[in-house]
Each structure stands twice: as structure tokens, then as C-alpha cells.
Enquirer: 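What follows is a structure written as C-alpha cells; I'll ask about it next.
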Amino acid sequence: MAFPIPARQLFIDGEWREPIKKNRIPVINPSTEEIIGDIPAATAEDVEVAVVAARRAFRRNNWSATSGAHRATYLRAIAAKITEKKDHFVKLETIDSGKPFDEAVLDIDDVASCFEYFAGQAEALDGKQKAPVTLPMERFKSHVLRQPLGVVGLISPWNYPLLMATWKIAPALAAGCTAVLKPSELASVTCLEFGEVCNEVGLPPGVLNILTGLGPDAGAPLVSHPDVDKIAFTGSSATGSKVMASAAQLVKPVTLELGGKSPIVVFEDVDIDKVVEWTIFGCFWTNGQICSATSRLLVHESIAAEFVDKLVKWTKNIKISDPFEEGCRLGPVISKGQYDKIMKFISTAKSEGATILYGGSRPEHLKKGYYIEPTIVTDISTSMQIWKEEVFGPVLCVKTFSSEDEAIALANDTEYGLAAAVFSNDLERCERITKALEVGAVWVNCSQPCFVQAPWGGIKRSGFGRELGEWGIQNYLNIKQVTQDISDEPWGWYKSP
């Protein structure tokens, strides 16, 4: 589908500004491999200008010092404008990221919902100000202020371009922070378009600045900038470690939502067809490019043969096509680099002795585009790369277990700890497994549903901190204790001269 990509500049201080070095990055449609436009390439010089604008906006007091209710009016206006421009954003997201059109529709709906939700959180913040603290001495009274941290750097990924950015923008703005957003250079188009929404709703200049560009050129200078008070990053564990190390030089707080290798544990007492659908959804949704993808299937040995047989049949039925085609359920992966990386994972799995039961190649009917068949890998050992490392593509590993204890051990046999799913009709067993899983989120009898009201984040090498829900706004607040002496009597610790 031909759809023009708007030609934008960097969004700084409420204006569209050409990058100081005037460089641009091509936008490649992953379903055709064709260049369809370009985006500006920010560098450290542009980061400096954007941070200055954000700091100026923070100090102006027409944002940071306003009530949460005042900020909520802007967030609700943004939500309404996103809904109004939904068709525009959906088309751009689909062509830029390669995700199926129907998924992009849901993503943009979630963007609007997220701004609505954090508008409510901003209003709730007003009622929490000056919350009293009970003290053991009547001489003193104490309360707590919740104040914005300052200028925050937000670095978002390419798999949910505008939605993941929104998970950071909405709570940061609700808290009263000002921000500099650096989206992934692989899918930045909708994030740039969001700058136009900010202007249309009258967001004060400098409150949100949007810099597209390469990680080393724009992301790294943002993380290390001394006038950025916090970094929120979503991306790979390797890059997350670099972000954390850089921020540590200034003792700068970070929130990290990183990679995963999530298990999906299936016991013998389930409705197999129902669980098979959840299994393929949990791994192949978003073209398999999900940090929380339940890509390690652990199925009880007594139903494994039947389960895997049906798994292959369901997988064969997935429509792989141009993302704009009606009924598309699997589009291309994001880039040539990602395509090559996934294919290398598959070839290494073969060389290590695994069986590619289904898929593992380019679909025969798609000669162009970064398409990979949904892939099912069996005969897995826990020493294999495909078991241990995040693929970030439509590749599902299958392994059997014989007991609850073995299932838990295999599920936790990973350096990651983002999410997990467990399926059983025995809800007491599900509760035991849920408590034993070393992750930040557990799905019971489902996989991947995510709601703005619930906390999101991981443990171990999947990062730390929580986005979304009431926990999301806390990332951007300074909790300040205020204690007052209300007595007329002198303190009396020292002898009066």
C-alpha cells in the first residue's frame, strides 16, 4: 500500500528544527525493502539544544508547578487528538514497523487510553499532596510532597513505536516533568508525528522534545547529559547495561525494561486447542518481536505429542502477508539486520542438534520483504543458544516436562525475568507456579494481555522499575519529606549562654 511518509524535522521547544549537522536516516518499508522517506538524525549538539529547552520549560513553572488537574487537561486533549487522527497514525505505524494493520489499530487505541489513564493519575496526584505522616513526637508535624523529578530522557524501542513511547511520555508529563524522547531509528515516524499533536493541543513549548537519530549519536549523549535528571529506557539488555553504566557516573536514576526469554508452562489438564491458540499468540504476535514473548514452551510429556501436532496445524494456518492485507496475522520483521540475526539463530539451532519442526525459512510466496515463517523448534537441550538467548522473532522452542518441580526449574532456567504464562484447570496449581516463577508478570491461562492499569517490568536481566498503573507515575516523582516544629518552646539541647 502506497502511503506518503511526512517529511519532518526534529521537534524541539515546540518547533520543527533541522538537525545541526543536517543529516537524515532513510526509512525502509520492511514489507518491500524500499526506501519510502527519511527522518532527521540528531547528534549531541541537538541533544544539548533539546535539554536546554526542556530545562527552561521545567523552570518556567507553567508546567512543573501547575496542578495535576491542569496537566490532565492536556493529556486528555492529546488522547482525543490521537483518536481523531487514528487512521493516519495506524497507517504510518503499519508501513514503518511492518506489524499487521489490525495490531496497529489496537496499538493506537492503547495510546489514547494510556493518555486518558495518566490524566486520571495526574488528577489523583493533587489529592496526595501534603499527605500527613504520623510521628511519635507531638512537637513535630510532617507531610509528604510529590514533586516532578525534572528533565527526563525517554528512550523507546521499535516494536511498539508510539505505544512504548507513550508508556513513558504520559506518566512523565502527568508527574510534571519535561522530557526529551529518543525513539528507535528503526521506527520513528509516528513518534515524530506526535510532535504535531503536541502543538495542536497547545502543549507548552519545551515540555516534550522529540529527537530521532542513532543510539550512539543521540541516545548516548542524552543518557550522559548532566542536566537530565532521569532516564527511562526500553530495549535490549546489552544496551540497557550501557545506559545504566553511563547514568551511574552521575548517580542518575534509571528505569530499565529489557529483554526476555519467557516460559509458557502447559499442564496436562487443559483444553488443547484453546491453549495452542494462546501459545502461538504469545510468541508470534507483533511478528514475534516482543520482549515478553512466551517463546519457551514447556508442555507436559503426557500431552506433548498431541499438543505439538495441533501447534503445527494452527501455525500453518497463520496468514503471512503484506501487513495491510485483510486478515494478516504475521508481517515482516523490522529490518535486514534483524532478519539476518533471526535466521542465524535458526541455523545455529540446527547445527547444535535441534529440529526445525516447522518454518525456519522465508515464505515461498513472498520474494521481497523481511518475512520469516513462524518457526517451531523441538529436540531442545538447555545448553543450546536458542534456549538461552532472546531471538526477538517468530521462533518458538518446545521442551517437555514430567513434574511440577521440573516445570518450575526449566521455567526459571534463564538469566531473564520479565514474564511467564501458566496453563492448567487446577487454579491452586497455577497459584503455586505463579509464586515460584522468577518474573515481573505472570499470565494465568492466557499470554500477553497488557493493561495500562497494571504494573509492567521485570527482574534479573530483564531490568528493574515498573511502568504503567499507579506505579508508572512514581518513576517520575521526588518524594519530599517536610517536617515542622510546631512548639513555642525552645529545643533545649544546648545550654543557653
Enquirer: Donor-acceptor pairs are to be reported for all side-chain atoms of residues 33-42 against protein atoms at under 3.5 Å, with residues two or more places apart or in another chain.
Expert:
residue	atom	partner	partner atom	Å
E33	OE2	G369	N	2.7
D38	OD1	R24	NE	2.6
D38	OD1	R24	NH2	3.1

Enquirer: Which residues pass the ring-ring contact (aromatic ring centres under 6.0 Å, His included) test with Y416, sequence neighbours left out?
Expert: none
Enquirer: Test F284 against T315 for side chain to side chain contact (heavy atoms under 4.5 Å, CB included), laying out the working first.
Expert: CA-CA 9 Å; F284 301 148; T315 302; 3.9 Å; yes
Enquirer: Taking only residues at least two apart or on different chains, which pairs with a member in residues 4-52 satisfy ring pair (Phe, Tyr, Trp, His ring centres under 6.0 Å)?
Expert: F11-W16
Enquirer: Within the structure provided, determine whether E193 and P6 are in side-chain contact (heavy-atom separation under 4.5 Å).
Expert: yes
Enquirer: Please list, chain by chain and in numerical order, all residues satisfying ring-ring contact (aromatic ring centres under 6.0 Å, His included) with F281, sequence neighbours excluded.
Expert: W278, W285
Enquirer: Taking everything shown except K368 itself, do over 12 heavy atoms lie less than 6.0 Å from its NZ?
Expert: no
Enquirer: Report the C-alpha separation of E467 and T255 in whole Å, then their side-chain angles, then the decisive distance to 0.1 Å, and conclude whether the side-chain hydrogen bond (donor to acceptor under 3.5 Å, both in side chains) test is met.
Expert: CA-CA 8 Å; E467 295 187 307; T255 302; over 6 Å; no
Enquirer: Do R362 and E373 meet the salt-bridge criterion of a basic N to acidic O distance under 4.0 Å?
Expert: no
Enquirer: Verify, without hydrogens or angle tests, whether S447 (side chain) and T279 (backbone) share a donor-acceptor contact under 3.5 angstrom.
Expert: no
Enquirer: For the residue pair T239 and I155, establish whether any side-chain heavy-atom pair is separated by less than 4.5 Å.
Expert: no
Enquirer: Give a yes or no on whether the backbone of C191 and the side-chain of S188 come within a donor-acceptor separation of less than 3.5 Å.
Expert: no
Enquirer: Indicate yes or no: at least one non-hydrogen side-chain atom of C450 is less than 4.5 angstrom from one of L468.
Expert: yes
Enquirer: Would you mind reporting whether K99 and P323 have side-chain heavy atoms less than 4.5 Å apart?
Expert: no
Enquirer: CZ/F233 to CE/M244 distance, rounded to the nearest 0.5 angstrom?
Expert: 13.0 Å
Enquirer: With a 4.0 Å cut-off on N to O distance, would you call D413 and R296 a salt bridge?
Expert: no
Enquirer: With sequence neighbours left out, what residues match H70 under ring-ring contact (aromatic ring centres under 6.0 Å, His included)?
Expert: Y74
Enquirer: Has Q147 got a side-chain atom pairing as donor or acceptor with K480's backbone, closer than 3.5 angstrom?
Expert: no
Enquirer: Hey, does E185 have a side-chain heavy atom less than 4.5 Å from the side chain of L214?
Expert: yes
Enquirer: Check whether any side-chain N or O of S462 sits under 3.5 Å from a backbone N or O of G259 as a donor-acceptor pair, and report yes or no.
Expert: yes
Enquirer: Take atom NZ of K336 as the centre, draw a 6.0 Å sphere, and report whether it contains more than 12 heavy atoms from other residues, nucleotides or ligands.
Expert: no
Enquirer: Are the side chain of T375 and the backbone of V395 linked by a donor-acceptor contact shorter than 3.5 Å?
Expert: no
Enquirer: Checking P221 now: which residues fulfil side-chain contact (heavy atoms from CB on, under 4.5 Å) with it, not counting sequence neighbours?
Expert: A44, V47
Enquirer: Working to the nearest 0.5 angstrom, can you tell me the gap between M384 CE and K350 NZ?
Expert: 13.5 Å
Enquirer: Could you give the distance from CG (L154) to CE (M164), rounded to the nearest 0.5 Å?
Expert: 13.0 Å
Enquirer: Within 45 degrees of the axis of the six-membered ring of Y476 and under 6.0 Å from its centre: does K168 put its NZ or CZ there?
Expert: no
Enquirer: Give the C-alpha distance, both sets of side-chain angles, the deciding distance and a yes or no for side chain to side chain contact (heavy atoms under 4.5 Å, CB included) between W167 and C114.
Expert: CA-CA 7 Å; W167 282 18; C114 194; 4.1 Å; yes
Enquirer: Does a salt bridge link K91 with D87, judged by any charged N lying under 4.0 Å from a carboxylate O?
Expert: yes
Enquirer: Taking ring-ring contact (aromatic ring centres under 6.0 Å, His included) as the definition, give me every residue that meets it alongside F115, ordered by chain and number, with sequence neighbours left out.
Expert: F194
Enquirer: Determine yes or no for a side-chain-to-main-chain donor-acceptor pair under 3.5 angstrom, with N209 supplying the side chain and D13 the backbone.
Expert: yes
Enquirer: Does some side-chain heavy atom of I5 sit less than 4.5 Å from a side-chain heavy atom of I95?
Expert: yes
Enquirer: Do R71 side-chain atoms and L75 backbone N/O form a donor-acceptor pair below 3.5 Å?
Expert: no
Enquirer: In Å, rounded to the nearest 0.5 Å, how long is the span from CD1 of I372 to CG of D340?
Expert: 8.5 Å
Enquirer: Does the side chain of S262 come within less than 4.5 Å of W443's, by heavy atoms?
Expert: no
Enquirer: According to the salt bridge (Lys or Arg N to Asp or Glu O under 4.0 Å) rule, which pairs have a member within residues 207-227, sequence neighbours left out?
Expert: R55-D227
Enquirer: Apply salt bridge (charged side-chain N to carboxylate O under 4.0 Å, His left out) to K388 and list each qualifying residue two or more places apart in sequence or on a separate chain.
Expert: none
Enquirer: What side-chain donor-acceptor pairs closer than 3.5 Å can you find for residues 452-461, not counting sequence neighbours?
Expert:
residue	atom	partner	partner atom	Å
W456	NE1	E257	OE2	3.2
K460	NZ	T414	O	2.9
K460	NZ	E438	OE1	3.0

Enquirer: Would you say W63's side chain and A57's backbone share a donor-acceptor pair under 3.5 angstrom?
Expert: no
Enquirer: Could you go step by step and tell me if R76 and E123 meet the salt bridge (charged side-chain N to carboxylate O under 4.0 Å, His left out) rule?
Expert: CA-CA 11 Å; R76 289 207 166 90; E123 290 168 336; 2.7 Å; yes
Enquirer: Would you list the atom pairs, donor with acceptor, under 3.5 Å between side chains in residues 198-207 and any protein atom, with sequence neighbours excluded?
Expert:
residue	atom	partner	partner atom	Å
N199	ND2	G14	O	3.1
E200	OE2	K85	NZ	3.3

Enquirer: Run the numbers on V51 and L222 for side chain to side chain contact (heavy atoms under 4.5 Å, CB included), then give the verdict.
Expert: CA-CA 8 Å; V51 171; L222 180 62; 4.2 Å; yes
Enquirer: In Å and rounded to the nearest 0.5 Å, what is the SG to CD1 distance from C283 to I290?
Expert: 7.5 Å
Enquirer: Is N287 reaching over with its side chain to a backbone N or O of V333, donor-acceptor style, under 3.5 angstrom?
Expert: no
Enquirer: With a 4.5 Å cut-off on side-chain heavy atoms, are I25 and T212 touching?
Expert: no
Enquirer: What heavy-atom pair brings A218 and K182 nearest, and what distance separates the two atoms?
Expert: CB-CG, 4.0 Å
Enquirer: Report yes or no: does K261 contribute a side-chain atom to a donor-acceptor pair with the main-chain N or O of I386 at less than 3.5 Å?
Expert: yes
Enquirer: Sort and list the pairs that fulfil salt bridge (Lys or Arg N to Asp or Glu O under 4.0 Å) and have at least one residue in residues 144-160, not counting sequence neighbours.
Expert: none
Enquirer: What's the spacing between E352 CD and S347 OG if we round to 0.5 Å?
Expert: 9.5 Å
Enquirer: Looking only at the side chains, is there a donor atom on one of Q249 and S224 sitting less than 3.5 Å from an acceptor on the other?
Expert: no
Enquirer: Do K341 and F392 meet the cation-pi criteria used here (NZ or CZ under 6.0 Å from the six-membered ring centre, within 45° of the axis)?
Expert: no
Enquirer: List the steps, then state whether side chain to side chain contact (heavy atoms under 4.5 Å, CB included) holds for V391 with S295.
Expert: CA-CA 9 Å; V391 176; S295 59; over 6 Å; no
Enquirer: Is R329 salt-bridged to D102, going by a charged N under 4.0 Å from an acidic O?
Expert: yes
